[in-house]
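Report on one structure; see the data block that follows.
All ligand and atom numbering here is 1-based and tracks the order in the structure.
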Amino acid sequence: MTTTAPDLRRDGVCAPRLLAGWFATGAPADRAAHAARYGPLPVADLRHRAGRAELTETVARAGLRGRGGGGFPTARKLIAVAAARGRPVVVANGCEGDPAGLKDRVLLEIAPHLVIDGIVLAAAAVRARDAVLCLGEGGLQVARIAGALAERSGTDPIDVRVTEVPHRYVASEESALARFLTRGDARPTMTPPRPAQRGVHGRPTLVDNVETLAHLALIARYGAEWYRGCGTAAAPGTTLVTIRGAVWKPGVYEVEYGMSLESVLDEAGGPAAPAGAVLVGGLGGAWLAPPFADVAFTPEDLRAAGAVGGGVAALAVLPRRACGVAETARVVRYLAAESARQCGPCMFGLPALADDMTDLAVGRGGPATLARLRQRLDVVPGRGACAHPDGAVAIVSSALRVFADDVERHVAGAPCSSAGLRPWLPVPGVGG
Ligand code: SF4
């Protein structure tokens with residue numbers, strides 16, 4: 001590889017990789033500072049088939065998986081898109097549709113060149129000549145990316161266009177982005193082929209999360225072994241995570257896979273009040289009950305502990321004095337409103353889940369409501385064109401398990417323990 005690899009560990013802890021520049025200077029990196037820190041972009045070799053194959057092989061050996069929630073192996077996507085018929089296009093996904101997440105926005109703001117490096121490398125790997133960077137609307141990220149692209153003007157082998165995508169929870173799903181860029185409608189498509197075969201304007205489309213691309217830019221420079229120097233065998237490397245709710249220092253952190261969930265929360269100063277639960281994976285994620293010391297922070301370990309749902313990129317701590325039933329009801333009302341209204345189980349099932357949860361939360365629901373809710377949880381999952389309804393089911397199912405005592409009290413008509421307390425989860429337009 002072309003550059004001396006940065007230190008992996010300091011004081012036994014994995015050093016920041018994506019956020020290294022920010023930790024060193026407290027300022028977003030311009031191109032000169034970025035190049036001084038990470039070294040030149042190793043793109044020249046990718047003009048040849050052997051160089052492209054080597055990059056894909058290196059990404060496979062590094063074990064890089066998508067950081068957008070799905071966790072799909074990145075090398076497999078590269079291979080599929082490169083093998084499809086037609087000239088590919090790369091779509092860098094920085095939309096972050098889940099309101100509980102901020103990590104892509106922060107990455108784009110403070111390390112824009114690392115993301116653009118990843119776009120350029122991924123495009124070269126699949127022989128794309130153009131790429132689109134999709135951002136959520138507004139904010140500093142848009143200006144920072146525009147500034148970074150202006151600094152690189154004429155020096156990259158591909159054109160990178162930026163587009164702002166109107167906010168919608170499901171807009172960051174990959175087929176929704178492909179449809180948005182083709183027809184202006186950011187809703188998931190219901191049938192194959194997937195974007196890797198036929199995406200934007202019918203072209204093979206590589207849709208990768210912006211954090212995934214930033215990791216790819218490091219792997220291309222320093223190699224698979226360096227990348228695997230942090231994390232676990234099954235979940236190598238570091239990952240960005242948004243930590244919010246009842247913690248002392250809410251924010252975005254870069255953490256090593258394999259740390260305990262408790263240690264990850266400690267990065268944000270730890271719980272600011274005794275924790276009742278943590279929501280893992282954003283609003284379409286799942287609740288986990290304490291203790292958190294024995295749960296390893298990897299997608300597999302969190303799933304095994306019960307956190308099925310939206311990946312691991314966002315954590316929200318709920319204090320014990322708050323009401324998980326009321327918080328979950330707010331979330332499900334929001335998720336129901338965010339349905340793209342294309343699939344029956346999603347269009348009708350989510351409002352029904354929301355109604356039942358709301359009835360329980362406000363004391364209108366008795367044992368019959370709870371029984372009906374449990375039945376609905378059995379019939380909704382796996383029947384939408386995208387994973388949106390599954391996320392709603394995950395948070396409700398986990399709430400019934402983790403907040404079983406609260407549920408029992410609500411069913412019995414006892415007053416809600418959180419009456420008068422502020423809501424904790426960032427649910428747009430639903431009381432918080
Ligand atoms: S499951 Fe829901 S959000 Fe997903 S495509 Fe169908 S209607 Fe849209």
Side-chain angles (χ1 to χ4, degrees), residues 66 68-72 77 91 93-101 104 134 136-137 165-202 205 207-209 279 281-286 307-311 313-314 328-358 373 375-399 425-430:
F72 196 78
K77 269 194 188 178
V91 174
N93 183 356
C95 296
E96 206 161 38
D98 193 312
D104 290 340
C134 293
E137 283 179 310
V165 180
H167 179 78
R168 181 170 208 165
Y169 188 88
V170 294
S172 52
E173 198 270 346
E174 66 171 20
S175 69
L177 277 187
R179 183 146 107 174
F180 173 75
L181 293 170
T182 305
R183 295 180 8 203
D185 175 16
R187 291 189 295 169
T189 50
M190 300 169 64
T191 52
R194 298 301 296 168
Q197 272 72 48
R198 290 189 65 208
V200 178
H201 295 295
T205 302
V207 185
D208 269 327
N209 169 262
L279 181 62
L283 301 188
V308 291
T328 304
R330 292 171 54 239
V331 171
V332 184
R333 280 212 307 280
Y334 167 73
L335 295 177
E338 288 292 309
S339 165
R341 306 184 65 76
Q342 301 183 116
C343 314
C346 183
M347 188 161 63
F348 302 113
L350 299 199
L353 291 180
D355 287 347
D356 288 345
M357 273 311 292
T358 302
L373 176 60
Q375 274 177 358
R376 286 180 166 145
L377 291 174
D378 287 338
V379 297
V380 172
R383 297 181 58 211
C386 76
H388 185 58
D390 300 2
V393 167
I395 190 169
V396 174
S397 302
S398 63
L425 296 181
V427 184
V430 189

Original post:
Relative to the heavy atoms of Ser339, which atoms of ligand 1 are at a distance of less than 4.0 Å?
Top reply: 2 (Fe), 7 (S)
Subject >> Ligand-residue contact atoms, ligand 1 with Val170, heavy atoms, under 4.0 Å >> reply: 3 (S)
Original post:
Counting from 1, what ligand 1 atoms have a heavy atom of Ala385 closer than 4.0 Å?
Top reply: 1 (S), 5 (S), 6 (Fe)
Subject >> Cys346: numbered ligand 1 atoms lying under 4.0 Å from its heavy atoms >> reply: 1 (S), 2 (Fe), 3 (S), 7 (S)
Subject >> Minimal non-hydrogen separation, Val380 against Pro389, with atom names >> reply: CG1-CB, 3.7 Å
Original post:
What distance separates Ser339 OG from Phe348 CZ, expressed to the nearest 0.5 Å?
Top reply: 9.5 Å
**OP:** List the closest protein heavy-atom neighbour of atom 5 (S) of ligand 1: residue, atom name, distance to the nearest 0.1 Å.
**Re:** Gln342 NE2, 3.3 Å
**OP:** Mark up the atoms of ligand 1 that fall under 4.0 Å of a heavy atom belonging to Cys343, in ascending order.
**Re:** 1 (S), 5 (S), 6 (Fe), 7 (S)
Original post:
Is atom 4 (Fe) of ligand 1 less than 2.8 Å from at least one N/O/S atom of Cys386?
Top reply: yes
Original post:
Does Glu173 approach ligand 1 within less than 4.0 angstrom via side chain, backbone, both or neither, non-hydrogen atoms only?
Top reply: neither
Original post:
Contact between Arg187 and ligand 1, counting heavy atoms under 4.0 Å?
Top reply: no
Original post:
How does Pro389 reach ligand 1, if at all, at less than 4.0 Å between non-hydrogen atoms: by side chain, backbone, both, or neither?
Top reply: side chain
Original post:
Does the side chain of Val332 reach to within under 4.5 Å of the side chain of Leu350, using non-hydrogen atoms?
Top reply: no
Original post:
Mind checking whether Tyr169 and His388 have parallel, tilted or perpendicular rings, split at 30° and 60°?
Top reply: tilted
Subject >> Nearest neighbour in protein (non-hydrogen) for atom 8 (Fe) of ligand 1 >> reply: Ala340 CB, 2.9 Å
Subject >> Atom indices of ligand 1 within 4.0 angstrom of Gly384 heavy atoms, with elements >> reply: 1 (S)
**OP:** Please test Ile395 against Leu283 for side-chain contact (heavy atoms from CB on, under 4.5 Å), starting from the C-alpha separation and ending with a verdict.
**Re:** CA-CA 7 Å; Ile395 190 169; Leu283 301 188; 5.7 Å; no
Original post:
Quick one: does Leu181's side chain get under 4.5 Å of Cys134's, heavy atoms only?
Top reply: yes
Original post:
What heavy-atom pair brings Val308 and Ala286 nearest, and what distance separates the two atoms?
Top reply: O-CB, 3.3 Å
Original post:
Stepwise, does the side-chain contact (heavy atoms from CB on, under 4.5 Å) test hold for Arg168 with Glu338?
Top reply: CA-CA 7 Å; Arg168 181 170 208 165; Glu338 288 292 309; 3.7 Å; yes
Original post:
Under 6.0 Å from the CZ atom of Arg198, do we count more than 12 heavy atoms belonging to anything else shown?
Top reply: no
Original post:
Looking only at heavy atoms, is any part of His388 under 4.0 Å from ligand 1, and if so is it the side chain, the backbone, or both, or is it neither?
Top reply: side chain
